[in-house]
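So the structure is just underneath, and the comments pick up after that.
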Amino acid sequence: MNILLVGSGGREHALAWKIKQSPLVRRLVCAPGNPGMAAIAETFDIKPTDVARQVELARQIGAGLVVIGPEVAIEAGLADALEEAGIPCFGPTAAAGRLESSKAFTKAFCDRHHLPTGAYRICGEAAEAKAALAHFAPPYVIKADGLAAGKGVVIAPDRAEAEAAIDDAFGGRFGAAGAQVVIEEYLEGEIGSLFALCDGKTSKLFGWAQDHKRAFDGDQGPNTGGMGTYSPAPVFTLDLIDQIDHQLVRPAFKGIAGDGAPYRGVLFVELMATSHGPRLVEFNARFGDPECQVLMLRLESDLVPYLMACATGRLHELPDPKWRDDDAVCVVLATEGYPGPAKAGSVIGGLDRDFGEGVVVFHAGTSAGPAGTVLAGAGRALNVCATGGDLAEARERAYGAVALIDWPEGFHRTDIGWRALAR
Ligand code: GLY
């Protein structure tokens with residue numbers, strides 16, 4: 001089968017790495033891809049949101065399956081256009097993808113379908129949002145309604161910072177995504193990321209991990225798209241997984257199908273494990289980044305039949321996926337300044353070496369520079385991942401590899417997995 005994989009981040013490099021191992025795949029094409037993906041697949045420089053050209057490329061290569069990585073392509077309606085073209089697609093339609101592309105939609109969805117989540121107010125003006133703060137206690141959670149590349153959430157310790165975040169959002173920091181904001185109850189507990197596949201009818205859990213959202217060690221600094229992950233994460237007890245499945249996953253798939261938009265793809269449930277049970281933090285309509293990286297390292301089953309089954313309504317025919325016993329860790333390397341303004345174009349050296357047993361380095365925001373160099377973008381650039389017999393070993397291998405990378409303009413957290421190791 002020929003597969004078109006849409007996207008260019010670490011998540012997509014990890015998907016490409018795993019798809020490439022499948023005996024079912026004859027040709028893997030990535031658009032636009034990145035230098036890491038170019039080393040294992042063909043790449044075409046087409047934006048994920050350029051729906052017409054992505055569909056044309058899928059036709060041109062005779063794709064038996066298109067796999068959508070990033071949420072921007074879902075919001076742009078790529079799955080809808082592929083459906084119209086009769087090409088099987090892993091990834092939800094724009095209507096089903098509203099579970100990610102509008103926080104306000106999702107909060108109302110949770111109310112309608114009785115999914116447990118924090119209290120909230122949706123506000124269309126700064127004055128209204130500032131007044132709404134009175135209904136919440138600090139720290140205040142302020143979210144841009146739309147897609148903001150993981151940068152749309154501010155957790156403000158006091159009213160002054162909360163009001164500044166509200167002014168920022170309505171001042172255009174997130175463009176149209178900030179035209180509405182959601183003010184939300186701060187949930188106490190431990191964060192977790194759980195994944196579930198759905199083919200429109202049948203659903204199947206597909207792994208879990210823990211992300212580190214803050215930029216700096218000790219969970220300090222601004223929220224990011226994720227600075228590192230590990231899997232399995234001990235917060236996911238069998239009891240919690242069962243609660244998430246029955247209180248969030250199944251009602252979400254049933255609810256969105258009942259709303260006329262059956263879900264085909266992966267649903268990423270970001271949740272808080274509270275003393276009252278799981279509470280939804282947010283849904284995402286795609287694999288997490290960098291959660292996907294550790295999942296792909298641990299997935300023993302062939303990924304491709306699962307992707308294809310979601311696209312074609314045959315998930316009921318497959319057994320539950322098999323996972324390796326190993327632990328996996330991912331350390332994100334980002335350009336200094338991220339998630340704020342950062343300077344793109346610094347050279348990352350030392351990538352050609354052998355990083356040792358269990359280590360895989362995925363490219364995220366990189367580009368090819370002159371004379372075979374690799375240049376960093378202005379955000380998350382590399383994902384240094386490793387597996388090991390336990391979390392400590394996986395972490396030691398990953399950080400050992402990080403130390404071999406020559407990139408003075410980059411930074412990373414040094415405490416990925418700290419919650420599990422502190423238990
Ligand atoms: N790591 C969080 C996300 O992908 O949104």
Side-chain angles (χ1 to χ4, degrees), residues 6-15 48 67-75 91-92 97-103 106 141 143-155 174 177 182 184 187 190-197 206-216 219 221-233 235-236 244 248 252 265-273 280-298 328-334 338-339 362-365 379-385 412-413 416-417 419:
V6 177
S8 63
R11 166 185 49 216
E12 287 79 21
H13 189 180
L15 289 170
V67 180
I68 303 181
E71 60 275 20
V72 286
I74 293 163
E75 188 186 43
R98 278 181 302 167
L99 285 175
E100 172 164 14
S101 62
S102 171
K103 311 271 177 285
T106 299
V141 182
K143 291 183 173 173
D145 173 49
L147 299 181
K151 298 179 190 173
V153 180
V154 174
I155 299 172
F174 308 113
V182 178
E184 207 175 289
L187 297 168
E190 190 168 340
I191 192 99
S193 304
L194 178 137
F195 299 85
L197 301 180
F206 207 68
W208 34 89
Q210 190 169 65
D211 190 9
H212 299 61
K213 305 287 280 184
R214 301 288 193 120
F216 309 128
D219 292 336
N223 250 39
T224 69
M227 292 301 293
T229 43
Y230 65 103
S231 176
V235 63
F236 286 102
I244 299 166
L248 289 167
V266 62
L267 184 70
F268 164 7
V269 184
E270 189 182 325
L271 61 108
M272 194 65 78
L280 181 72
V281 173
E282 57 189 50
F283 283 129
N284 295 301
R286 33 90 196 167
F287 279 111
D289 186 349
E291 286 93 337
C292 185
Q293 290 80 322
V294 286
L295 292 190
M296 291 306 110
L297 255 62
R298 291 194 55 238
V329 168
C330 170
V331 180
V332 171
L333 274 60
Y338 172 79
F362 295 120
H363 287 236
R380 296 183 294 173
L382 288 180
N383 306 142
V384 180
C385 305
H412 61 274
R413 280 183 63 157
I416 302 305
R419 277 181 193 272

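Ligands are counted one by one from 1 in listed order, and the atoms in each one are counted from 1 as well.
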- Message: Is there a side-chain contact between Leu280 and Leu271 in this structure, where contact means two heavy atoms from C-beta onward sitting under 4.5 Å apart?
- Response: no
- Item | Val269 vs Phe283 side-chain heavy atoms within contact, under 4.5 Å |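 They are in contact (side-chain heavy atoms under 4.5 Å apart), so the answer is yes.
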- Message: Run the side-chain contact (heavy atoms from CB on, under 4.5 Å) test against Ala233 and tell me which residues pass, sequence neighbours left out.
- Response: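 side-chain contact (heavy atoms from CB on, under 4.5 Å) list for Ala233, sorted by chain: Gln210, Tyr230, Val235, Phe236.
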- For Arg214, side-chain contact (heavy atoms from CB on, under 4.5 Å) partners two or more places apart: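 Partners of Arg214 under the side-chain contact (heavy atoms from CB on, under 4.5 Å) test: Ile155, Asp219, Asn223, Arg413.
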- Note on the structure: Heavy-atom proximity to atom 2 (C) of ligand 1, picking from Ala149, Gly225, Gly288, points to Gly225
- Message: One residue to check: Met227. Relative to ligand 1, which of side chain, backbone, both or neither has a non-hydrogen atom less than 4.0 Å away?
- Response: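 The answer is neither.
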- Item | Minimum-distance pair of heavy atoms, taken over all atoms of Val329 and Val294 | C-CG1, 3.6 Å
Does [X], backbone or side chain, put an N or O under 3.5 Å from an N or O of ligand 1?
X      : value
Glu291 : yes
Asp211 : yes
Lys213 : no

- Query: What's the shortest distance from atom 4 (O) of ligand 1 to any protein heavy atom, and which residue and atom give it?
  - Reply: Arg286 NH1, 2.7 Å
Just to check, does [X] reach to within less than 4.0 Å of ligand 1 when the distance is taken from its heavy atoms?
X      : result
Arg11  : no
Phe268 : yes
Glu270 : no

- Please determine which of Glu100, Glu291, Glu12 meets the salt bridge (Lys or Arg N to Asp or Glu O under 4.0 Å) test together with Arg286. Glu100
- Task: Take Asp145 and Ser102, measure what side-chain hydrogen bond (donor to acceptor under 3.5 Å, both in side chains) needs, and give me the verdict at the end.
- Result: CA-CA 5 Å; Asp145 173 49; Ser102 171; 2.9 Å; yes
